Asker: 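I have a structure I would like to understand better, so I am pasting it below and will then ask my questions one at a time.
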Amino acid sequence: MKPFLMAGLLALSPLASLADESPIFATYGTSNGSLPPEFAWDNEVTIHEDGKIEIRHCKGYETEGPGCKTRKGKVTEEDIAAIRAAALASDLAEKPATRSPDPMVGGGGDWGAVFIDGQEYKLLWDTIPEDANRVEAVKAAIRAAIPPKFESFMHPD
């Protein structure tokens with residue numbers, strides 16, 4: 001009986017580490033647009049409330065496997081505070097940005113979200129001009145929080 005109990009506990013231990021992970025505070029994505037696979041890339045950034053950051057960079061149209069690499073690091077409490085302040089000042093939770101009726105086609109861009117007190121502040125890729133400054137201020141705070149050591153990873157061109 002004891003070996004089965006130990007095997008069960010060992011099997012569940014990866015799940016315990018997932019339960020301990022800090023909630024997601026912000027997400028941010030970038031893409032260099034619709035290019036042939038040999039030139040295309042995109043990034044997914046996840047910042048947790050405790051400051052942990054994960055960046056996944058994928059080449060071509062890959063979404064997993066050898067075409068994708070992940071880097072981990074830490075952002076400062078000051079960076080978290082700056083993102084929070086920018087998101088709150090944007091008022092995007094109460095007054096969401098409006099998607100542009102004439103979206104850009106083919107070019108690169110960025111998008112994301114910030115999560116504060118159960119509210120989502122959506123950061124659209126392409127907004128109407130009246131909302132662009134509010135969205136860009138929050139995106140800029142997220143970009144500033146990404147540690148400089150990841151610059152070449154984020155922008156491989």
Side-chain angles (χ1 to χ4, degrees), residues 17-35 37-157:
S17 66
L18 289 176
D20 292 340
E21 191 159 305
S22 175
I24 293 174
F25 173 66
T27 61
Y28 179 71
T30 62
S31 171
N32 69 341
S34 53
L35 297 171
E38 61 270 21
F39 302 109
W41 56 262
D42 66 70
N43 298 305
E44 291 181 18
V45 177
T46 303
I47 300 173
H48 295 268
E49 288 180 359
D50 64 0
K52 289 180 186 168
I53 185 171
E54 299 167 2
I55 302 172
R56 189 174 77 164
H57 175 81
C58 295
K59 294 179 181 178
Y61 298 125
E62 298 292 325
T63 57
E64 56 186 45
C68 297
K69 304 287 184 225
T70 300
R71 301 288 184 267
K72 295 182 180 187
K74 189 95 166 140
V75 300
T76 67
E77 289 180 22
E78 292 81 11
D79 290 328
I80 296 285
I83 296 168
R84 180 183 303 277
L88 292 172
S90 76
D91 201 26
L92 288 166
E94 292 296 321
K95 297 176 191 162
T98 301
R99 205 172 285 284
S100 174
D102 301 312
M104 180 176 56
V105 177
D110 58 354
W111 61 92
V114 177
F115 304 92
I116 301 172
D117 298 329
Q119 295 204 315
E120 181 177 6
Y121 296 74
K122 290 183 183 177
L123 308 172
L124 300 177
W125 179 319
D126 201 9
T127 66
I128 61 172
E130 295 82 9
D131 291 332
N133 288 339
R134 294 187 305 138
V135 172
E136 182 53 35
V138 184
K139 289 180 189 177
I142 294 172
R143 284 192 301 270
I146 298 170
K149 69 181 183 179
F150 297 122
E151 181 63 28
S152 63
F153 186 68
M154 291 283 296
H155 303 283
D157 296 342

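Predicted, not measured: the structure shown is a model, and the values here were computed from it. For the single chain, residues carry numbers from 1 onward in sequence order.
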Asker: What pairs with Lys95 under salt bridge (charged side-chain N to carboxylate O under 4.0 Å, His left out), at least two apart in sequence or on another chain?
Answerer: Asp91
Asker: Where is the tightest heavy-atom contact between Ala145 and Ile83, given as atom of each residue plus distance?
Answerer: CB-CD1, 3.8 Å
Asker: With distance as the sole test, does Thr27 use its side chain to make a donor-acceptor pair with the main-chain N or O of Ala113 at under 3.5 Å?
Answerer: yes
Asker: Within the supplied structure, the quantity of interest is the number of heavy atoms (other residues, nucleotides, ligands) at a distance under 6.0 Å from Glu38 CD; does it exceed 12?
Answerer: yes
Asker: Do Glu120 and Phe115 have side chains that get closer than 4.5 Å, going by heavy atoms?
Answerer: yes
Asker: Working to the nearest 0.5 angstrom, can you tell me the gap between Trp111 CH2 and Ser31 OG?
Answerer: 5.0 Å
Asker: First locate atom SG of Cys68, then atom CD of Glu62, and finally report the distance between them rounded to the nearest 0.5 Å.
Answerer: 6.0 Å
Asker: Can you give me the closest heavy-atom contact between Ile142 and Ala26, atom names plus distance?
Answerer: CD1-CB, 4.2 Å
Asker: Can you give me the closest heavy-atom contact between Ser90 and Tyr121, atom names plus distance?
Answerer: OG-CD2, 3.9 Å
Asker: Using the test side-chain hydrogen bond (donor to acceptor under 3.5 Å, both in side chains), find all partners of Thr30 that sit at least two apart in sequence or belong to another chain.
Answerer: Asn43
Asker: Going from CD on Glu21 to NZ on Lys52, what distance comes out if it is rounded to the nearest 0.5 angstrom?
Answerer: 6.5 Å
Asker: Say you draw a straight line from CG of Asp131 to CG of Leu123; how long is it, rounded to the nearest 0.5 Å?
Answerer: 11.5 Å
Asker: I need the minimum non-hydrogen distance between Ala86 and Val138, along with the two atoms involved.
Answerer: O-CG2, 3.5 Å
Asker: Could you measure the distance from the CD atom of Glu54 to the OG1 atom of Thr46? Nearest 0.5 Å is fine.
Answerer: 5.5 Å
Asker: Counting only N and O atoms by type, is there a donor-acceptor contact under 3.5 Å from the side chain of Lys74 to the main-chain atoms of Asp50?
Answerer: yes
Asker: Locate the shortest heavy-atom distance separating Pro37 from Tyr61; write the atom from each residue and the value.
Answerer: CG-CE1, 3.5 Å
Asker: By the definition side chain to side chain contact (heavy atoms under 4.5 Å, CB included), identify the one residue from Asp126, Ile128, Leu124 that meets it with Arg99.
Answerer: Leu124
Asker: I'd like to know whether His57 forms a side-chain contact (heavy atoms from CB on, under 4.5 Å) with Phe150, so could you lay out the CA-CA distance, the side-chain angles of the two residues, the decisive distance to 0.1 Å, and finally the verdict.
Answerer: CA-CA 10 Å; His57 175 81; Phe150 297 122; over 6 Å; no
Asker: Is there a side-chain contact (heavy atoms from CB on, under 4.5 Å) between Glu94 and Gln119 once you walk through the steps?
Answerer: CA-CA 9 Å; Glu94 292 296 321; Gln119 295 204 315; 3.3 Å; yes
Asker: Taking Ser22 for its side chain and Glu49 for its backbone only, find out whether a donor-acceptor pair lies under 3.5 Å.
Answerer: yes
Asker: How long is the span from the OG1 atom in Thr63 to the CD atom in Glu44, to the nearest 0.5 Å?
Answerer: 9.0 Å
Asker: Could you work out, with side-chain hydrogen bond (donor to acceptor under 3.5 Å, both in side chains) as the rule, every residue matching Arg143, not counting sequence neighbours?
Answerer: Tyr28, Asp110, Glu136
Asker: Which heavy atom of Trp125 sits nearest to which heavy atom of Gly109, and what is that distance?
Answerer: CZ2-N, 3.2 Å
